[in-house]
Amino acid sequence: VSWTASAGATSYTIQYYLAHSSSGANAYGPLSGVSTGTSYTVSYQTVGGVYLNYVRAQVSASNSAGTSSYSGWYPSASTYV
């Protein structure tokens, strides 16, 4: 997952869901991670015997002044890539 840098940001929190298909079958999450750059490598997982290799994600930027609200979902709130 990658995104455009936010001016002044020192870290980013990524919230994401995994699924078995682009329509969100067997959706699992939310999961989260932290990055100091503009990308984050999502680790696909097998849950209940189902391989979850689709993702949707949103990002929040942080610095010493605080934390932004999350971005919109990529690719959307109801689809996965």
Side-chain angles (χ1 to χ4, degrees):
V1 176
S2 62
W3 54 90
T4 302
S6 177
T10 55
S11 67
Y12 300 89
T13 301
I14 301 85
Q15 179 173 268
Y16 62 99
Y17 285 80
L18 298 174
H20 182 63
S21 71
S22 61
S23 62
N26 301 95
Y28 179 71
L31 304 166
S32 64
V34 176
S35 175
T36 56
T38 57
S39 66
Y40 178 79
T41 301
V42 170
S43 295
Y44 297 138
Q45 299 181 28
T46 300
V47 177
V50 178
Y51 186 54
L52 307 177
N53 61 334
Y54 287 79
V55 64
R56 69 179 168 102
Q58 57 183 176
V59 179
S60 173
S62 298
N63 62 23
S64 59
T67 301
S68 73
S69 57
Y70 278 102
S71 67
W73 287 102
Y74 172 82
S76 78
S78 60
T79 59
Y80 293 69
V81 290

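- Under the rule for a side chain to side chain donor-acceptor pair (under 3.5 Å), Ser6 has no partner lying at least two apart in sequence or in another chain.
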Can you give me every donor-acceptor pair (side chain of residues 13-30, partner residue at least two apart or in another chain, under 3.5 Å) with its distance?
unit_1 : atom_1 : unit_2 : atom_2 : d
Gln15  : NE2    : Gln58  : OE1    : 2.7
His20  : ND1    : Tyr51  : O      : 2.8
Ser21  : OG     : Ser23  : N      : 3.4
Ser21  : OG     : Ser23  : OG     : 3.0
Ser21  : OG     : Ala25  : N      : 3.3

Side-chain polar contacts of residues 74-81 - donor-acceptor pairs under 3.5 angstrom, sequence neighbours left out - could you list them?
unit_1 : atom_1 : unit_2 : atom_2 : d
Ser76  : OG     : Ser78  : N      : 3.2
Ser76  : OG     : Thr79  : N      : 3.1
Ser76  : OG     : Thr79  : OG1    : 2.7
Tyr80  : OH     : Arg56  : NE     : 3.1

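- For Ser71 (side chain) and Val59 (main-chain N/O), a donor-acceptor pair under 3.5 Å exists by modelled atom type.
- The hydrophobic clustering, which links ILVMFWY residues whose side-chain heavy atoms are closer than 4.5 Å, places Val50 and Tyr54 apart.
- Contact record, Ser11 with Val34: CB-CG1, 4.5 Å, taken as the closest heavy-atom pair.
- With sequence neighbours excluded, the residues forming a side chain to side chain donor-acceptor pair (under 3.5 Å) with Ser62 are Thr67, listed by chain and number.
- Under the 4.5 Å side-chain heavy-atom criterion for ILVMFWY residues, no single connected hydrophobic cluster contains both Trp73 and Val1.
- The ring-ring contact (aromatic ring centres under 6.0 Å, His included) check on Tyr12 picks up Trp3, with sequence neighbours excluded.
- For Ser2, the side chain to side chain contact (heavy atoms under 4.5 Å, CB included) partners two or more places apart in sequence, or in a different chain, are Ser39.
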